[in-house]
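Each chain gets a letter, A, B and so on, in the order its sequence line appears, and its residues count up from 1. Since the model is a prediction, treat every value here as computed from it, not as a measurement.
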There are 2 protein chains.
Amino acid sequence: MRQSTTSTSRARGIDRVISLCEQLHLHREPMTPKELMAATGAPRSSVYELINLLSEAGWLETGSDGRIFFGRAMHYFGLDYADHNDLLRRARPVMRQLSARFDETAQLCMLDGDKYTVMLNENGARPFRISSEVGVKVPIPWTASGRVLLGGMSREVILGLVPEADFVLPSGEQIDIDAFLAEIEHTRQRGYALTEGLVDSFACCMAVPIHEGDTIARATLCFTVGRNADQARRETLVEALREAAATLSHGD
Amino acid sequence: MRQSTTSTSRARGIDRVISLCEQLHLHREPMTPKELMAATGAPRSSVYELINLLSEAGWLETGSDGRIFFGRAMHYFGLDYADHNDLLRRARPVMRQLSARFDETAQLCMLDGDKYTVMLNENGARPFRISSEVGVKVPIPWTASGRVLLGGMSREVILGLVPEADFVLPSGEQIDIDAFLAEIEHTRQRGYALTEGLVDSFACCMAVPIHEGDTIARATLCFTVGRNADQARRETLVEALREAAATLSHGD
DNA sequence: ATCAATCGTCCGATATTTCGGACTGTTGTC
DNA sequence: GACAACAGTCCGAAATATCGGACGATTGAT
């Protein structure tokens, strides 16, 4: 996505549309026109005009409480995307099956800019589970997927790719770069990544790479710390993950 | 969606964005810039500028063949819509289960303007099946859902709501209004709609209403003509549909 | 190698859109 | 009931984006 501090004044109207939609997405909740004004920095009359234009096209809808959110058209467009993205389409049943087999959450993540993004999330039926919303973006070093990505990269490339701020965990803890590099190397040799209690103290994720063209994607299994703890079980999980990833990797 | 013959000259830039996305959705396939120029009627440089702006924001993506299609951002927005739409969210598991139980296609349709639109489509596992893409729009009189909708409406209201052209079936056959009204009345008394070989000679659909606020929605089961033919089986299907619809209907 | 056709980018005059603010209708307070 | 605050619409001067066309890059044919 585009920086919110877009200084360019080119195509302001369209920038407004884009930033309005991004704000809606970020809030993940319907917003009032007032909130949209504040969030986008657009003047009142412009926001209203935008809302009207986009509502007419079905891009936005106004709820019974007067709040604005995405409309049907976005549903259609989003499904068009998911249908046409080869990897996503093929991955859905695979990830669903993976999730069902172990009754844990299976995810497909893709790199989007300098953040990992959850593109598919299939939950197990377990009453308490680790789960994310599709579209959630997470700094590379926080994720198991990211550790797989960085495997084999030089220190310089890694430091260039990852924004400094992303080495600080949500807990406030600073990731030690040297220890991190060592862990990445370990991950690379092992062939899969494992994180425990990193983003959240209860989350445990395993990730393996998917190779498909230039797309940088990872398949992960997520569960709560403590589950699937013994080594044999973990081997089984990793093996299943690898198999899934192999199915999805393009043979070219 | 908005008429393609929008004569208003207000906010042309945004109109262009809207029409570009609508064209992509209509074609259901990635398009070249050239095709987009032709489809939207926008000048060459404008199309390129649009593509660049929207690509930068992740709204569009360029495939390896140079064709343009929706990008990741649309996926996020679409899922936001589906997550926030109460009915859709609750309906997904219900329709999935309905589909699984009979191994037929279950759909949730909503009225969008004067057309019925498929909002959820869960396929049975059967190798040959009746199915639609989410987002497909169908004239009211062609659908079982539409017959449920019109139940109880006066002749005048119905003729005002349904565009004249929609009384002509894909086969070219003209629907006789009087027979149609009689059938609607029959449908209303029976409590569910049944269409056989209407839109397509092999499609058979059953629909029941879902009551939830002002949203006009229907649950349907679709299968090929000839299947589920005997009366007892149909009763079972209808009963299950009614149950699903009751689950989804809001108790207010 | 040359040429033609196509693809994509860039630029600036001009036709268009934006946005401050006035206006109307609605809601809530005293 | 009077008033204030708010929500949404509308307008036109001023600020801006649009699009014709020129340009360079790339491809393909001869």
To the nearest 0.5 Å, atom CG of A:L88 lies from atom CG of A:L248 at 10.0 Å
Here the distance between atom P of C:dC19 and atom CG of A:D15, to the nearest Å, is 11 Å
note: A:L53, atom CG; C:dT17, atom P; distance rounded to Å ~ 10 Å
Separation of C:dC7 atom P from B:I68 atom CD1, nearest Å, is 12 Å
Rounded to whole Å, NZ of B:K34 lies from P of D:dT27 at a distance of 17 Å
When rounded to whole Å, the CZ to C1' distance for the pair A:R67 and D:dG8 reads 17 Å
Taken to the nearest 0.5 Å, the spacing of A:Y81 OH from A:M74 CE works out to 15.0 Å
Which of B:T143, B:N123, B:N121 passes side-chain hydrogen bond (donor to acceptor under 3.5 Å, both in side chains) with B:Q107? It is B:N121
Fill in: B:W142 and B:Y116 aromatic centres sub-6.0 Å
no
Are OP1 or OP2 of D:dC19 and a side-chain N or O of B:R16 less than 4.0 angstrom apart? yes
Check your understanding: Is the shortest side-chain N/O distance from B:Y48 to OP1 or OP2 of C:dT9 below 4.0 Å?
Key -> no
Handout entry: A:R44 (side chain) and C:dG20 (base): donor-acceptor pair under 3.5 Å
Key = no
Review point. Taking only N and O in the side chain of B:S46, is any of them less than 4.0 Å away from OP1 or OP2 of D:dC19?
Key: yes
Discussion item. When you measure from the side-chain N and O atoms of A:S45 to the phosphate of C:dG20, is any distance below 4.0 Å, counting only OP1 and OP2?
Written reply: no
To the nearest angstrom, the CG-C1' distance between B:N52 and C:dC10 comes to 11 Å
Rounded to whole Å, CD1 of A:I14 lies from C1' of C:dT17 at a distance of 12 Å
Taken to the nearest 0.5 Å, the spacing of A:T220 OG1 from A:I210 CD1 works out to 9.0 Å
When rounded to whole Å, the CG to P distance for the pair B:D65 and D:dT27 reads 15 Å
- Between A:F70 and B:H84, does the ring centroid distance fall short of 6.0 Å? no
The bend of the helix from C:dA1-D:dT30 to C:dC30-D:dG1, taken between the axes of its five terminal pairs at each end and rounded to 10°, is 40°
Legend entry - Carboxylate-amine/guanidinium proximity below 4.0 Å for A:D112 and B:R72: yes
